[in-house]
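Reading through the structure tokens given below for one structure.
Everything numeric in this text was worked out from a predicted model, so none of it was measured. Values reported hereafter were calculated over all heavy atoms of this structure, with side chains retained and with hydrogens, waters and symmetry mates removed.
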Amino acid sequence: MEESRTSHLLKSKVGVRLSKSIRTLKNFKPWQKPKFWSKLSIFLILLMILTTGGITLYISSLDISKLQTPLAQPSFLYDQKDNRISQLSSSRIEPVSGQQIPLIMKNALIAVEDRRFYDHQGVDLRSIARALIRDLKSGDFSEGGSTITQQLAKNFFLVSDKTITRKLKEAAYALKIETVLEKDEILVAYLNQIYFGEGKWGLQNAAQLYFGKSAEKLTLEESALLAGLIKSPNNYSPLRNKEKSLAQRNLVLSLMKEQNYITPAEYEKAIIQPIILKKETTSDLSGQYAPYVDYVIEEAIELIGFTEEQILNGGLQIYTQMDPSVQKAAEDVYKDSSFFPSGKADQIVQSGVVVIDHTTGGIKGLVGYRGEEVYRGFNHATALLRQPGSAFKPLAVYAPALEKGYTPDSGLNDRPLNIDGYAPTNYDNQYRGKVTMQEALRHSMNVPAVWLLNEIGIENGVDYATRSGITLEKEDHVLPLALGGLDKGVSPLQMAQAYGVFANLGVMNKAYAISKITTNDGSVLFQAQPESIKVTTPSVAYMMTLMLQDVVTNGTGKNANLGRPTAGKTGSVELPIDDPQFSGISKGEKDVWFVGYTPELTAAVWMGYDKTDSNHYLTTAGGAEPAEVFREILSRALSATPIVPFEIPQDYIEQNKLSNKMRKWVEDKLNPKDQDSKDEDNEDDKGKGKDKKR
């Protein structure tokens, strides 16, 4: 009974309180109080300030410096006649400036992509509202509504997911971009970055692909076609569907007319024009002359001091000494395996060739490898160091001997030789007693060369080779120097440069590939200073040429004969006999060479395995494939060049005149012709006696 009363009391209290609360809420009308609206206004203003401040702070924190960084500019290479031959770039884009983009192209883009481009500040609220309504209906947020600025922001800074978050970020970036870049700068950045189909990014690449011209030469119809591609490059590509591409182009033209970018007359004239494509009529220079280009990059980095980034993306104009006819001849020969020894399944016979103009030092052609092209792969023409074998004899023995007064007719010892334990043998293991210098060189005899180096002194051989640009080690100051037995070796480039001394009458012009490097606007960053060094006299150089011509005509270098004045020397390096892995191999070579020249060009060819072992060695000689490659490259390169003889230097002529005068004087003294008949009879008897004595 008591509990029931208590419960009833509690319920009545709760009911009273609840009734009061309901009455209070019903009577609560704050908007009827004068201070309510002023407080609400302050709150909303504060909220707006905080929101706006937050958005402003967020937008200002966005980093768009990437947009302001200059786009990677491709560098271009030029040949000896300043013709553009190759393009270098690490970017898929070849950018163009605002001045290079026709106004009609910019207008076409605006007409189809963002007609209110000049009226908004990066975000077009009208377009967004229309797109948002359609997105809410479809539920997939696939509609556009993005301005050109927003599209630029998406391409540069955002992933392409279709979410509200991404679109909000896109708008924020667009607002930031508009505060930093001018409208025209935005258009240029957009056109340089957008995809135009067929793997081509940027307006310049698209113009070259579809119309075979640079962007600055685009016509109204071509500009409209490219602008129409942007929405769906694959669908509207004129290379895939000309009808769709034509319809889309004409749609853009109609929009341009509607927005007063073109007159009705211009529109009528443009829509009846057919699509005329000139796909890739301007050749893509990327990858052209790769072997030579690789060395140019190497020279620019190692010898001049540029970085690879500068070379690939700095818009450099690199002028070279390359002769396309020489380079093409070399590349074509190196692609034909019939000119090279057969290799093994796991390793081909490698090779390198360099061709220089000995009168200037300019490298006219170069191939540094065989097989698959590898960007900046190992260059066997310039970086390789191998023993040159008998190709070194003219540099270490015969030229310095001529300087010491020897002549091609001087007699040399060709008998078994042992000097302090060093006992060289001839290639055929035969000895001929005494031979002339000419004979020794013609048949590449080893013993006479070593004997002669010992006679003139090793240091004289070292001195001449060093003057010729060959770097020698302390270990090379020994008699094996005569046979090219060097500690580290030489490169084909060094050998060609050294032989160029003979071809250039005693003067060595240091080899180089790069003549000049400039910026895009022509400012010179590097200018080559060709270096000429007098190594020997013209007479000595010419005597070497006469002897080396004999090697090609009658000796080991017959396969190098071009049918025009040609001089040169073979070189073969036998397998090391002290290496046990080669025991039992009776005939094998590690390296084979041919180095030679004509009055116009000097070239050096090397062949061998990268890794020589008992399964990978050569069974040929320098007079075989290397000489044939030399002949094939130079005969192709010089096919249109008139045949001329080697120049005879004046000092050689004078020396021979003196020699002839002395000979005539001696003969006149021994055989006087102005005696009377009696005296003549007596003199005849004396003469006969003297003749017998001689």
Side chain to side chain donor-acceptor pair (under 3.5 Å) test vs R442 passes for just one of T553, T436, D550, N554, namely D550
Evaluate I633 against V353 for side chain to side chain contact (heavy atoms under 4.5 Å, CB included), listing each step before the verdict.
CA-CA 10 Å; I633 292 174; V353 61; 4.1 Å; yes
Could you point out which residue of Y499, F630, W606 forms a ring pair (Phe, Tyr, Trp, His ring centres under 6.0 Å) with F594?
F630
Lys/Arg-Asp/Glu bridge criterion (N-O < 4.0 Å) met for R376, E308
yes
Could you check if a side-chain atom of L562 sits within less than 4.5 angstrom of a side-chain atom of T598, using non-hydrogen atoms only?
yes
How about I514 and I304: do any of their side-chain heavy atoms sit closer than 4.5 Å?
yes
Is there a side chain to side chain contact (heavy atoms under 4.5 Å, CB included) between L452 and N454 once you walk through the steps?
CA-CA 5 Å; L452 182 57; N454 188 62; over 6 Å; no
Backbone N or O of E628 within a donor-acceptor pair of the N559 side chain at under 3.5 Å?
no
Are F340 and I348 side-chain neighbours, meaning at least one heavy-atom pair lies under 4.5 Å?
no
Minimal non-hydrogen separation, L479 against L453, with atom names
O-CD2, 3.8 Å
Side chain to side chain contact (heavy atoms under 4.5 Å, CB included) evaluation trace for R467 with D463:
CA-CA 6 Å; R467 279 185 277 139; D463 175 60; 2.9 Å; yes
Could you measure the distance from the NZ atom of K611 to the CD atom of Q350? Nearest 0.5 Å is fine.
12.5 Å
Tell me if a side-chain donor or acceptor on D476 pairs with a main-chain N or O of D487 at a distance below 3.5 Å.
yes
If I take atom CD from residue Q80 and atom OG from residue S325, how far apart are they, to the nearest 0.5 angstrom?
7.0 Å
For T556 and T570: C-alpha separation, side-chain torsions, deciding distance, then whether side-chain hydrogen bond (donor to acceptor under 3.5 Å, both in side chains) applies.
CA-CA 7 Å; T556 58; T570 57; 3.0 Å; yes
Distance check, rounded to the nearest 0.5 Å: E475 atom CD versus L481 atom CG?
12.5 Å
Is there side-chain contact between P388 and L486, with at least one heavy-atom pair below 4.5 Å?
yes
One should read off an interatomic distance between D613 CG and D579 CG, to the nearest 0.5 angstrom, of 10.0 Å
For S539 and Q655 the tightest heavy-atom approach is OG-OE1, 2.9 Å
Just checking, K393 and Y398: is the charged tip under 6.0 Å from the six-membered ring centre and within 45° of the axis?
no
Crowding at CD, E372 (>12 non-hydrogen neighbours, <6.0 Å)
no
Measure the shortest side-chain to side-chain distance between P576 and F582 over non-hydrogen atoms and say whether it is less than 4.5 angstrom.
yes
Going by side chain to side chain donor-acceptor pair (under 3.5 Å), T620 matches just one of K587, E589, E625. Which one?
E625
Under a 3.5 Å threshold, yes or no: a donor from one side chain and an acceptor from the other, between S390 and S444?
yes
Please check if atom CG in D420 has more than 12 non-hydrogen atoms from other residues, nucleotides or ligands closer than 6.0 Å.
no
Any side-chain heavy atom of N426 sitting closer than 4.5 Å to one from R432?
yes
For T320 and Y78, which I'm curious about, is there any donor-acceptor pair between the side chains at under 3.5 Å?
no
Ignoring hydrogens and geometry, is there a side-chain-to-backbone donor-acceptor pair from Y334 to V367 under 3.5 Å?
no
Once the angle between the rings of Y652 and Y542 is folded into 0 to 90°, is it parallel (under 30°), tilted (30 to 60°) or perpendicular (over 60°)?
perpendicular
Keeping Q288 on the side-chain end and I85 on the backbone end, is there a donor-acceptor pair under 3.5 Å?
no
For a 4.5 angstrom cut-off between non-hydrogen side-chain atoms, does F392 reach I470?
yes
Between N509 and H358, is there a donor-acceptor pair closer than 3.5 Å when you use the side chain of the first and the backbone of the second?
yes
For the residue pair Y512 and T360, what are the closest heavy atoms and their distance?
CE2-O, 3.5 Å
Distance check, rounded to the nearest 0.5 Å: M543 atom CE versus D409 atom CG?
10.5 Å
Looking at the rings of Y597 and F646, which for Trp means the six-membered one, are their centres under 6.0 Å apart?
yes
Parallel, tilted or perpendicular: which one describes the rings of Y464 and F502, with boundaries at 30° and 60°?
parallel
Can K510 and S532 be counted as having a side-chain donor-acceptor contact under 3.5 angstrom?
no
Could you state the interatomic distance from CD (Q321) to OG (S515), rounded to the nearest 0.5 Å?
3.5 Å
Side-chain donor or acceptor of R564 paired with backbone N/O of P642 under 3.5 Å
yes
Return the minimal non-hydrogen interatomic distance between G622 and S572, and the atom names on each side.
N-OG, 3.0 Å
Let's go through I356 and L601 carefully: what are the C-alpha distance in whole Å and the side-chain angles of both, what is the deciding distance for side chain to side chain contact (heavy atoms under 4.5 Å, CB included) to 0.1 Å, and is it a yes or a no?
CA-CA 6 Å; I356 67 172; L601 298 170; over 6 Å; no
Shortest non-hydrogen pair, G608 vs L618, comes out as CA-CD1, 3.8 Å
Does a donor on one side chain and an acceptor on the other come within less than 3.5 Å for D610 and H616?
no
Do NZ/NE/NH1/NH2 and the carboxylate oxygens of K364 and E600 come within less than 4.0 Å?
no
What is the minimum heavy-atom distance between M437 and L412, and which atoms define it?
CA-CD1, 3.6 Å
Is there a donor-acceptor contact under 3.5 Å from the side chain of D357 to the main chain of T359?
yes
Would you call S468 and Q494 a side-chain contact if the rule is heavy atoms closer than 4.5 Å?
no
Polar side-chain atom of S635 near backbone of R631 as donor-acceptor pair, under 3.5 Å:
yes
